[in-house]
Amino acid sequence: MTAVEVPGENTERTKPRSGVTVLAGPTAVGKGTVSTFIRDNYPDVWLSVSATTRQARPGEEEGVHYFFKAADDFDSLVADGELLEWAVVHGVNRYGTLRSTVEAAVANGKSVLLEIDLQGARQVKEAMPEADFVFLAPPSWDELVRRLVGRGTETAQEQQRRLETAKLELAAAPEFDYVIVNDDVSRAAAALVDLMGLTPHHNV
Ligand code: 5GP
């Protein structure tokens with residue numbers, strides 16, 4: 001694998017807080033783990049619950065992890081302009097952010113966090129350029145490869161495809177306002193919450 005430049009952490013504030021923070025990053029960097037940690041430990045963060053066409057996994061609850069939608073219902077959300085952004089992720093399922101819930105949370109003074117993919121982050125940047133855009137980076141390229149390949153559930157060809165995608169995704173880091181390195185989940189979560197202007201402590 002050729003060397004890929006991995007961005008270092010940069011959390012120095014460069015713009016006024018808007019109340020909305022978007023967290024994105026390459027495949028397998030651990031965005032889901034960081035957002036789960038935040039859901040479980042930082043009640044002051046209002047984590048947006050996305051709509052998705054994918055099936056619920058064991059333990060996932062309607063309205064907590066996602067709003068699970070049939071394809072037709074998702075089509076209606078798109079047609080009615082109810083999604084702030086949406087994208088097909090990993091070439092299969094659709095995921096989108098419900099505009100009304102985010103707007104209501106912002107209006108109520110909540111600190112809103114969207115954990116979405118890169119395509120979605122770019123759409124939010126068009127719609128809400130004042131939001132804070134945070135890129136979650138791996139500690140190193142080798143570590144990202146380990147996390148991606150580690151599960152051993154994908155074929156060599158699929159792993160190669162994902163690594164190529166991850167390379168392109170890493171190259172998007174300069175589009176973001178801030179970079180947080182996911183070297184340790186609780187530390188990365190604390191850095192994110194700190195950036196959002198909330199107290200970086202948790203109850204574990
Ligand atoms: P999972 O199916 O593992 O829960 O999530 C797969 C991917 O979908 C993750 O990369 C996650 O960031 C992304 N995702 C979750 N919700 C949304 C959303 O509302 N919009 C977009 N664009 N991506 C999302």
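Numbering of ligands and ligand atoms starts at 1, following listing order.
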Exercise. Using side-chain hydrogen bond (donor to acceptor under 3.5 Å, both in side chains) as the criterion, list what pairs up with Glu60, not counting sequence neighbours.
Key: Arg54

Quiz item: Counting N and O atoms only, with roles assigned by atom type, does the side chain of Arg147 sit under 3.5 Å from a partner on the main chain of Val29, one being a donor and the other an acceptor?
Solution: yes

Quiz item: Partners of Glu154 by side-chain hydrogen bond (donor to acceptor under 3.5 Å, both in side chains), sequence neighbours excluded?
Solution: Arg151

Quiz item: Mind checking what makes side-chain hydrogen bond (donor to acceptor under 3.5 Å, both in side chains) contact with Asn182, not counting sequence neighbours?
Solution: none

Self-check item: More than 12 heavy atoms from other groups under 6.0 Å of CD on Gln55
Solution: no

Self-check item: Shell of residues surrounding ligand 1, defined by a 4.0 angstrom heavy-atom cut-off that is strict
Solution: Lys31, Ser50, Arg54, Arg57, Tyr66, Glu85, Ala87, Val89, Tyr95, Gly96, Thr97, Glu115, Ile116, Asp117, Gly120

Exercise. Can you establish whether the number of heavy atoms outside Glu5 located under 6.0 Å from its atom CD is more than 12?
Key: no

